[in-house]
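Worksheet: one structure, shown below.
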Amino acid sequence: MSDVEQVPAVSPFHDHLPIGERLDASALTEGLPWAFDEIRMRPLEPMLVPEKPRGGETDPSECRPCMPSPGTIWQDDHWQVRVMSDPSGLPFMAAISPREHWLLEDAPMDVLAGLGPLMQCLSEAVKSIPGVARCHFGRWNDGSAHLHLWALARPAGMMQGRGAALAFWDDVLPPIPQEMADEHARIVAESLAVGWGEVFPNR
Ligand SMILES: [Zn+2]
């Protein structure tokens with residue numbers, strides 16, 4: 001892919017953008033004043049296509065979510081919930097993905113049908129962690145081609161973590177101790193397994 005020449009993307013939207021300019025970010029500090037005092041944007045970079053392939057996009061045999069992982073805290077026939085190997089700042093964060101290599105574009109209906117019940121149960125499981133008020137879900141589609149969503153635990157009373165700002169706080173808050181991360185993963189896994197599925201299949 002590295003030898004594919006990238007060219008600027010062309011569309012009416014791209015044509016109206018001030019590429020190269022440093023844009024005013026006050027909409028972020030006014031819109032999310034509970035999280036940001038000041039933000040300085042980098043100059044708007046050229047938007048080149050074709051984009052570099054995502055993980056598992058050109059060679060699904062190298063797709064990480066397709067491989068067994070000790071980070072898998074729960075799975076059923078179609079879906080798995082995984083935590084990262086190193087704790088981060090939020091009380092809990094996990095990826096939800098199909099066990100087989102599906103994209104959102106091609107996942108079969110019998111797989112997709114299991115996502116709603118899993119999101120409902122996972123949200124309740126995350127909220128059962130001490131000190132957690134809400135479970136947020138994010139679907140960012142840029143790192144891995146394999147369909148995945150993120151579940152993020154919003155600490156109780158943390159009004160600075162409302163909405164999309166919560167994902168930034170995960171990198172900013174001090175990482176939680178490994179023992180606490182393990183305990184929170186156990187709480188979520190065992191809560192999910194009350195409904196169905198198995199816990200820690202690769203440990
Ligand atoms: Zn995959």
Side-chain angles (χ1 to χ4, degrees), residues 6-55 57 65 81-84 86-97 103-105 107 112 115-116 118-177 180-181 184-185 188:
Q6 291 182 300
V7 298
V10 176
S11 75
F13 172 79
H14 288 85
D15 290 347
H16 102 111
L17 293 174
I19 300 293
E21 286 186 24
R22 192 183 296 272
L23 301 176
D24 173 20
S26 60
L28 296 178
T29 54
E30 291 164 7
L32 301 170
W34 51 83
F36 305 115
D37 258 345
E38 189 179 341
I39 294 175
R40 183 170 185 257
M41 304 302 292
R42 293 184 179 182
L44 191 61
E45 296 179 350
M47 301 182 188
L48 304 178
V49 291
E51 299 182 12
K52 292 186 169 56
R54 299 168 294 177
E57 188 144 47
V81 176
R82 292 185 176 186
V83 296
M84 302 300 104
D86 295 320
S88 51
L90 294 179
F92 182 83
M93 190 168 88
I96 310 160
S97 63
L103 315 184
L104 184 57
E105 291 86 340
L112 293 175
L115 181 58
L118 175 56
M119 290 176 72
Q120 183 184 55
C121 289
L122 182 57
S123 176
E124 292 305 299
V126 170
K127 288 194 294 181
S128 73
I129 296 171
V132 171
R134 296 190 193 284
C135 178
H136 292 346
F137 291 102
R139 194 243 174 178
W140 292 285
N141 193 20
D142 288 325
S144 173
H146 190 125
L147 170 60
H148 62 288
L149 291 82
W150 293 97
L152 303 94
R154 207 262 282 149
M158 189 185 182
M159 294 296 98
Q160 288 184 299
R162 278 174 285 168
L166 188 66
F168 298 107
W169 281 109
D170 185 56
D171 294 322
V172 174
L173 294 173
I176 64 174
M180 189 190 298
H184 292 176
V188 172

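Index from 1, following the sequence. Both backbone and side-chain heavy atoms feed into the values below; hydrogens, waters and symmetry mates do not.
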So, [X] side chain and [Y] main chain: donor-acceptor pair closer than 3.5 Å or not?
{"X": "Arg82", "Y": "Ser97", "value": "no"}
{"X": "Ser123", "Y": "Gln120", "value": "no"}
{"X": "Gln6", "Y": "Val49", "value": "no"}
{"X": "Gln160", "Y": "Trp34", "value": "yes"}

(request) With side-chain contact (heavy atoms from CB on, under 4.5 Å) as the test, would you mind laying out the steps for Arg22 and Arg40 before giving the verdict? (result) CA-CA 8 Å; Arg22 192 183 296 272; Arg40 183 170 185 257; 3.3 Å; yes
(request) Might you work through the side-chain contact (heavy atoms from CB on, under 4.5 Å) test for His136 and Leu90, ending with a clear yes or no? (result) CA-CA 12 Å; His136 292 346; Leu90 294 179; over 6 Å; no
Where [X] and [Y] come nearest, the two heavy atoms and their spacing:
{"X": "Ile176", "Y": "Gly89", "answer": "CG2-O, 3.8 Å"}
{"X": "Leu23", "Y": "Pro18", "answer": "CD2-CG, 3.7 Å"}
{"X": "Ala94", "Y": "Val81", "answer": "CB-CG1, 3.8 Å"}
{"X": "Asp170", "Y": "Met93", "answer": "OD2-CE, 3.5 Å"}
{"X": "Leu112", "Y": "Ala107", "answer": "CD1-O, 3.6 Å"}
{"X": "Ala153", "Y": "Pro155", "answer": "O-CD, 3.5 Å"}

Rounded to the nearest 0.5 Å, how far does [atom2] of [Y] lie from [atom1] of [X]?
{"X": "Ile96", "Y": "Leu118", "atom1": "CD1", "atom2": "CG", "answer": "5.5 Å"}
{"X": "Leu149", "Y": "Asn141", "atom1": "CG", "atom2": "CG", "answer": "10.0 Å"}
{"X": "Ser26", "Y": "Met41", "atom1": "OG", "atom2": "CE", "answer": "11.0 Å"}
{"X": "Lys127", "Y": "Arg134", "atom1": "NZ", "atom2": "CZ", "answer": "7.5 Å"}
{"X": "Met158", "Y": "Leu166", "atom1": "CE", "atom2": "CG", "answer": "6.5 Å"}
{"X": "Leu28", "Y": "Asp37", "atom1": "CG", "atom2": "CG", "answer": "13.0 Å"}

(message) Can you confirm whether Phe168 is buried at CZ, in the sense that more than 12 heavy atoms of other residues, nucleotides or ligands lie under 6.0 Å from that atom?
(response)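 For Phe168, atom CZ is not crowded (no more than 12 foreign heavy atoms under 6.0 Å).
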(request) May I ask you to check whether over 12 heavy atoms, not counting those of Glu105, lie within 6.0 Å of atom CD? (result)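 Yes, the 6.0 Å shell around CD holds more than 12 heavy atoms from other groups.
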Pairwise side-chain contact, [X] with [Y], heavy-atom cut-off 4.5 Å (strictly under):
{"X": "Leu48", "Y": "Pro8", "result": "yes"}
{"X": "Arg139", "Y": "Leu147", "result": "yes"}
{"X": "Met47", "Y": "Leu17", "result": "yes"}
{"X": "Arg154", "Y": "Leu152", "result": "no"}

(request) Over 60° means perpendicular and under 30° means parallel, so classify the ring planes of Trp150 and His148, tilted if in between. (result)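 Ring orientation, 0 to 90° scale: perpendicular.
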(message) As a quick check of understanding, evaluate side-chain contact (heavy atoms from CB on, under 4.5 Å) for Leu32 and Arg162, giving each step before the final call.
(response) CA-CA 9 Å; Leu32 301 170; Arg162 278 174 285 168; over 6 Å; no
(message) Checking Val132 against Phe92 for the side-chain contact (heavy atoms from CB on, under 4.5 Å) test, could you report, in this order, the C-alpha distance in whole Å, the side-chain angles of both residues, the deciding distance, and whether it holds?
(response) CA-CA 9 Å; Val132 171; Phe92 182 83; 5.8 Å; no
